[in-house]
Undergrad: 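Right, I'll just put the structure down here and ask away after.
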Amino acid sequence: MSKYKLVMLRHGEGAWNIENRFCSWVDQKLSAEGLKEAEKCGKHLKSLGFEFDLVFTSILSRSIQTAWLVLEELGQEWVPTRSSWRLNERHYGALIGLNRAELALNHGEEQVKIWRRSYDVAPPPIHESHPYYHEIHTDRRYTCCDIQKDKLPKSESLKQVLERLLPYWNEEIAPEVKRGKRVLISAHGNSTRALLKHLEGISDADIINISLPTGVPVLLELDENLRAVKPHEFLGDQEAIQAAIKKVEDQGKVKPNEK
């Protein structure tokens with residue numbers, strides 16, 4: 001029986017989403033389309049009557065910016081927001097900045113799908129010679145985390161994302177949900193997938209088939225133990241959402257004119 005409702009959201013489109021590059025921990029603002037997606041999401045949640053008491057985001061700008069725009073459209077800008085690196089996108093290591101379709105051409109679509117969607121395979125780690133290493137690992141926001149900066153990941157599988165996310169869920173988010181707070185989580189594709197896997201009990205094998213479009217709210221109904229009582233539900237135009245999911249899945253495929 002459903003006792004709680006939790007709304008999760010992958011941030012709106014960013015510049016590197018357009019360019020089909022692994023963004024990961026590189027801090028990107030929303031694109032013009034991403035701004036529209038976040039505003040549209042807020043409008044749709046308002047039309048459905050959603051009210052929130054607390055919002056959680058990562059410490060990456062695109063996650064925070066999306067939350068701001070959603071709350072503005074809802075007329076709930078005053079709602080408190082908490083941010084944590086534990087809700088950050090998956091750290092894609094040496095793949096950061098690379099184009100997914102070009103990787104598929106060079107390494108095969110199956111390998112790129114494994115890097116993007118598998119549960120326990122991490123990409124090669126980022127090294128100091130990587131063009132985005134210093135931009136990420138000297139960023140001041142990572143001096144404010146709950147672990148030492150040199151302990152932060154240099155690459156992650158989805159399993160490792162879940163492992164660093166779960167303490168934050170268990171200690172910060174879950175207690176608020178159990179207190180009856182209406183919670184919105186504005187995060188990223190993989191941190192949201194990891195949490196869905198945990199709450200819905202999705203298998204290691206099946207999680208590879210779960211893709212999330214940008215800017216589309218996901219509703220999860222939970223029982224008293226914070227376990228999903230039914231599969232997650234995308235809120236919005238279902239035909240448009242399925243087209244957006246296919247677009248996400250196709251990002252890791254070789255472009256037809258390159259085959």
Side-chain angles (χ1 to χ4, degrees), residues 10-38 58 60-63 65-66 88-139 152-161 187-194 197 204-216 240-259:
R10 181 186 176 194
H11 61 80
E13 179 190 75
W16 280 14
N17 292 127
I18 300 171
E19 297 173 16
N20 200 15
R21 299 166 70 189
F22 284 101
C23 190
S24 187
W25 283 30
V26 173
D27 196 45
Q28 293 268 316
K29 296 282 178 38
L30 298 182
S31 66
E33 183 61 28
L35 296 172
K36 292 177 184 176
E37 287 177 346
S58 76
L60 293 166
S61 295
R62 56 196 187 272
S63 159
Q65 198 177 7
T66 299
N88 270 21
E89 178 57 291
R90 176 181 170 188
H91 197 306
Y92 271 106
L95 302 185
I96 290 174
L98 299 181
N99 181 282
R100 297 178 182 90
E102 291 175 5
L103 274 175
L105 186 63
N106 295 325
H107 297 278
E109 292 179 1
E110 189 59 32
Q111 179 61 63
V112 173
K113 186 174 183 180
I114 289 170
W115 279 333
R116 293 182 70 207
R117 292 287 174 259
S118 68
Y119 182 56
D120 56 3
V121 177
I126 195 169
H127 293 293
E128 289 191 24
S129 59
H130 191 283
Y132 291 100
Y133 178 90
H134 292 286
E135 179 177 332
I136 295 169
H137 291 279
T138 62
D139 193 312
L152 291 167
K154 300 294 191 295
S155 174
E156 291 177 302
S157 64
L158 188 66
K159 181 174 184 286
Q160 290 168 313
V161 173
H188 303 264
N190 283 295
S191 46
T192 304
R193 287 174 68 235
K197 183 184 190 303
D204 296 359
D206 288 343
I207 194 63
I208 198 168
N209 298 313
I210 302 294
S211 295
L212 304 176
T214 54
V216 176
I241 290 169
Q242 289 306 312
I245 290 172
K246 186 177 187 306
K247 184 178 176 182
V248 172
E249 292 171 346
D250 288 347
Q251 288 174 340
K253 296 180 180 179
V254 179
K255 293 179 181 178
N257 61 348
E258 293 179 345
K259 287 186 178 180

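Quick caveat, the model's predicted, so the values are computed rather than measured.
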Undergrad: Mind checking what makes side chain to side chain donor-acceptor pair (under 3.5 Å) contact with K36, not counting sequence neighbours?
TA: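 Applying side chain to side chain donor-acceptor pair (under 3.5 Å) to K36 gives none.
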Undergrad: Please enumerate all residues that pass salt bridge (charged side-chain N to carboxylate O under 4.0 Å, His left out) together with K159, with sequence neighbours excluded.
TA: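 Result, salt bridge (charged side-chain N to carboxylate O under 4.0 Å, His left out) vs K159: E163.
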Undergrad: I'd like to check H91 versus I126 (side-chain heavy atoms, cut-off strictly below 4.5 Å). Are they in contact?
TA: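 Result yes, sub-4.5 Å side-chain heavy-atom pair found.
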Undergrad: Calculate, to the nearest 0.5 Å, the distance between atoms CD1 and CH2 belonging to I96 and W25 respectively.
TA: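 Answer for the CD1-CH2 pair, I96 versus W25, is 9.0 Å.
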Undergrad: Determine which pairs satisfy side-chain hydrogen bond (donor to acceptor under 3.5 Å, both in side chains) with at least one residue from residues 125-135, sequence neighbours left out, and list them in order.
TA: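 Passing the test, one end in residues 125-135: R21-Y132.
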Undergrad: Applying side chain to side chain donor-acceptor pair (under 3.5 Å), can you list everything that pairs with T192, at least two apart in sequence or on another chain?
TA: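 Counting only residues at least two positions away or on another chain, T192 forms no side chain to side chain donor-acceptor pair (under 3.5 Å).
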Undergrad: Drop me the distance from E102's CD to N20's CG, to the nearest 0.5 angstrom.
TA: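 Taking CD in E102 and CG in N20, the distance rounds to 9.0 Å.
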Undergrad: H107: what forms a side chain to side chain donor-acceptor pair (under 3.5 Å) with it, not counting sequence neighbours?
TA: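 Side chain to side chain donor-acceptor pair (under 3.5 Å) check on H107 returns nothing, list empty.
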Undergrad: How long is the span from the CZ atom in R62 to the SG atom in C23, to the nearest 0.5 Å?
TA: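 Here the rounded value is 3.5 Å.
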Undergrad: When rounded to the nearest 0.5 angstrom, what distance separates CD in E37 from NE2 in H11?
TA: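 Rounded to the nearest 0.5 Å, the CD-NE2 separation comes out at 9.5 Å.
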Undergrad: Can you tell me how far apart OG (S63) and CZ (R10) are? Round to the nearest 0.5 Å.
TA: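 If I round to the nearest 0.5 Å, the distance is 12.0 Å.
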Undergrad: Give the minimum heavy-atom separation between N190 and E89, together with the two atoms involved.
TA: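 Shortest heavy-atom contact: CB-OE1, 2.9 Å.
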Undergrad: On a heavy-atom basis, which atom in N17 and which in G12 lie closest, and how many Å separate them?
TA: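 Nearest pair, atom of N17 first, then G12: OD1-O, 4.2 Å.
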Undergrad: Enumerate, atom names and distances included, each donor-acceptor pair closer than 3.5 Å involving a side-chain atom of residues 116-125, sequence neighbours excluded.
TA:
residue, atom, partner, partner atom, Å
R116, NH1, V248, O, 3.3
R116, NH2, V248, O, 3.1
R116, NH2, Q251, OE1, 3.2
R117, NE, S211, OG, 3.4
S118, OG, I114, O, 2.5

Undergrad: I'd like to know if D204 pairs up with K197 as an ion pair, taking the criterion as any Lys NZ or Arg NE/NH1/NH2 lying under 4.0 Å from an Asp or Glu carboxylate oxygen.
TA: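 Looking at K197 together with D204, the answer is yes, because their closest N to O distance falls below 4.0 Å.
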Undergrad: Look at the side chain of Q28 and the backbone N and O of G14, then say whether any donor-acceptor pair between them is shorter than 3.5 Å.
TA: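 Between the backbone of G14 and the side chain of Q28 there is no qualifying donor-acceptor contact (under 3.5 Å).
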Undergrad: Provide the closest heavy-atom pair for S58 versus N88 in the form atom of the first, atom of the second, distance.
TA: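 S58 and N88 have their closest heavy atoms at CB-OD1, 3.3 Å.
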Undergrad: Looking at W115 and Y92, what are the two nearest heavy atoms and their distance?
TA: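 Closest pair (atom of W115, atom of Y92, distance): O-CE2, 3.6 Å.
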Undergrad: If you take all heavy atoms of L212 and G189, which pair is closest and at what distance?
TA: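 Taking every non-hydrogen atom into account, CD1-O, 3.6 Å.
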Undergrad: Can you find a pair of side-chain heavy atoms, one from Q242 and one from I245, that are under 4.5 Å apart?
TA: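 Yes - at least one pair of side-chain heavy atoms lies under 4.5 Å apart.
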Undergrad: For the side chain of R193 and the backbone of I207, is there at least one donor-acceptor N/O pair under 3.5 Å apart?
TA: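 A pair under 3.5 Å: yes.
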Undergrad: Checking side-chain polar atoms at under 3.5 Å, does T214 have a donor or acceptor matched by the opposite partner on E13?
TA: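 No, because no side-chain N or O of T214 sits under 3.5 Å from a partner of the opposite role on E13.
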Undergrad: Just how far is it from atom CG of D139 to atom CG of L152, taken to the nearest 0.5 Å?
TA: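 These two atoms lie 11.0 Å from each other.
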Undergrad: Would you name the heavy atoms of S24 and L60 that are closest together and state the gap between them?
TA: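 Taking S24 first and L60 second, the nearest heavy atoms are O-CD1, 3.7 Å.
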